[in-house]
Amino acid sequence: MHARTPEQTAFADSIDAFCRARTGTRAQRDALTQNGTEAHNPALYAQMAELGWLGVGIPSKYGGSEGGMSDICLFAERIAYGLAPVGGYVTTVVAAGPYAKFGTEAQREKILGGITGGRVEAISISEPGAGSDAAAITCRATRTPGGFVINGQKTWCSNAHIADHLLLVARTNTSSSRHEGLTMFCVPTGTAGVEIRGIPTLNGKDVNDVYFTDCFLPESTVVGAVDQAWPQLMAGLNSERLILAATMLGRGRRAFDDAVAYVKERKQFGRPIGSFQALKHRIADLATELDCCELLLYRVAAMADEAPERMLPREASMAKLKATETAKRVALEGVQMMGGYGYATEYDMESHLRATVISTVYGGTSEIQRDIIGKTFGL
């Protein structure tokens, strides 16, 4: 395990105790998630807000508790391990970055202050024709007196249905290059002309299509500089990749611990199945990989804390790639080691698989992460 400060150890212990008390049993989690169909429980999230946990990484002037990327990752990891149904946290903390760096003071007070109080935020970038190729965005923001009119469709927008605002990226200029002419907007989800439709998935209700039809946004909703969203987005990629990596490290460790508990108890041929070499070696390999993930993640998080403005494309992509692929492997191996019970909804392993298998796709696919890493070597 990586070294923690005494404060971080106490913080992690508090989160673990909270999760054991409120989400420690399957019955508790089913009650909070409508039997696994909802990824976010507002009441549980509000309790975390009252404890001050949602303010980690947010300046105290907005009600936050300060802290850096290492602290944010620690929180994300431990709530994922505890299976706390607060799926709105990841997009919220990722969205906080652009507002903190590029937003107006009024935007910071509204968004960052709202986050510390338990509000959920979402980011709207992907489109049917713009996923891995984010520069292909066509959702149009046309200038009009007093602001902009938005028309177009976004998709795979996580938590839009529970968010207060969407951090929208739209095209404001078609005459420039693909990476120019993009602008960020802060869009209240109740704005006229915004329609949010859920997309059914293997993992329940968490992503959405968002349609913009003659949606008027005043000039005050622009986040940062007009036509400059691309470099603003690039500045926040470290944070997104590290937070996603931390979440999957937590989920991967939970899947691992669940698998170990099972193979210690399950007996075949007169002894625990974990005593057989085939499973013992699997467990050894998975434990090693998870420790590697942890060391990599928190090393990169420490680098980000030391120089918050530094771009870490290679290191952040490595962390995201390693953690998500490892978590998926742990869950797949867990299903295999548990046999039919790993496939049954009676146990959590099948939900671990559903949660981890998509992690190698969202936030930049594993293929995209490898491409980024390769480019940093001049390839």
Side-chain angles (χ1 to χ4, degrees), residues 39-40 87-99 120-141 150-172 174 178-187 189 191 193-213 215 217 223-224 228-241 243-245 247-248 313 316-317 320-321 324 355 357-372:
H40 185 84
Y89 177 72
V90 172
T91 57
T92 299
V93 72
V94 171
Y99 289 112
V120 172
E121 299 296 331
I123 301 176
S124 191
I125 301 176
S126 295
E127 297 178 8
S132 295
D133 183 12
I137 286 172
T138 61
C139 180
R140 189 68 194 275
I150 315 296
N151 281 285
Q153 178 188 351
K154 294 291 183 176
T155 193
W156 306 120
C157 186
S158 299
N159 299 317
H161 59 300
I162 58 173
D164 274 30
H165 306 85
L166 304 178
L167 183 61
L168 169 69
V169 181
R171 188 162 295 283
T172 42
T174 58
R178 292 179 351 122
H179 294 91
E180 298 175 349
L182 298 172
T183 302
M184 287 185 180
F185 298 89
C186 176
V187 186
T189 49
T191 302
V194 177
E195 181 185 0
I196 298 171
R197 299 182 195 169
I199 302 173
T201 73
L202 281 173
N203 208 31
K205 303 174 183 177
D206 54 4
V207 293
N208 307 268
D209 283 316
V210 184
Y211 299 88
F212 297 88
T213 306
C215 172
L217 298 177
V223 180
Q228 295 300 311
W230 188 260
Q232 292 170 192
L233 284 171
M234 295 302 101
L237 288 181
N238 288 350
S239 298
E240 180 181 23
R241 290 169 186 161
I243 294 162
L244 293 175
T247 301
M248 284 303 110
S317 287
K320 200 272 182 182
L321 172 66
T324 56
V357 74
I358 191 58
S359 71
T360 60
V361 174
Y362 60 56
T365 64
S366 291
E367 290 76 14
I368 289 294
Q369 304 307 324
R370 292 185 178 103
D371 196 49
I372 292 168

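The side-chain heavy atoms of Thr174 and Arg140, taken from C-beta on, include a pair separated by under 4.5 Å. Taking 4.5 Å as the limit, some side-chain heavy atom of Leu321 sits within range of a side-chain heavy atom of Ser366. Residues Asp133 and Arg178 form a side-chain contact, since some pair of their non-hydrogen atoms from C-beta on lies under 4.5 Å apart. A 4.5 Å side-chain heavy-atom check between Leu168 and Phe212 finds at least one atom pair inside the cut-off. Within the 4.5 Å cutoff, the side chain of Ser359 has no heavy atoms near those of the Leu244 side chain. Looking only at side-chain heavy atoms (C-beta outward), Glu121 and Leu167 stay at 4.5 Å or farther from each other. The shortest distance between side-chain heavy atoms of Trp230 and Ile137 does not fall below 4.5 Å. Counting heavy atoms from C-beta outward, Leu233 and Met184 have side chains that approach closer than 4.5 Å.
Under the salt bridge (charged side-chain N to carboxylate O under 4.0 Å, His left out) criterion, Glu127 pairs with Lys154, not counting sequence neighbours. Partners of Asp371 according to the side-chain hydrogen bond (donor to acceptor under 3.5 Å, both in side chains) rule, which considers only residues two or more places apart in sequence or in another chain, do not exist here. For the side-chain hydrogen bond (donor to acceptor under 3.5 Å, both in side chains) test, residues two or more places apart in sequence or in another chain that qualify with Asp209 are Gln153, Thr155. In terms of the salt bridge (charged side-chain N to carboxylate O under 4.0 Å, His left out) criterion, residue partners of Arg197 (sequence neighbours excluded) are, by chain and number, Glu195.
For Ser158 (side chain) and Val207 (main-chain N/O), no donor-acceptor pair under 3.5 Å exists by modelled atom type.
Asn159 CG to Ile123 CD1: the interatomic distance, rounded to the nearest 0.5 Å, is 10.0 Å. Rounding to the nearest 0.5 angstrom, the gap separating the OG1 atom in Thr183 from the CG atom in Leu217 is 11.5 Å. Rounding to the nearest 0.5 Å places OG1 of Thr324 at 11.0 Å from CD1 of Ile358. With rounding to the nearest 0.5 angstrom, the NZ atom of Lys205 is 14.0 Å from the CD1 atom of Ile199.
At most 12 heavy atoms of other shown residues, nucleotides or ligands fall within 6.0 angstrom of atom CG in Leu202. Taking a 6.0 Å sphere around CH2 of Trp156, one finds it holds 12 or fewer heavy atoms contributed by other residues, nucleotides or ligands.
Screening residues 159-171 for salt bridge (charged side-chain N to carboxylate O under 4.0 Å, His left out), with sequence neighbours left out, gives Arg119-Asp164.
Pairing each heavy atom of Ala136 with each of Gly129, the nearest pair is CB-O, 3.8 Å.
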Report, one line per pair, each donor and acceptor closer than 3.5 Å where one atom sits in a side chain of residues 234-241; sequence neighbours left out.
unit_1 : atom_1 : unit_2 : atom_2 : d
Asn238 : OD1    : Leu312 : N      : 3.2
Asn238 : ND2    : Arg310 : O      : 2.9
Arg241 : NH1    : Ser317 : OG     : 3.2

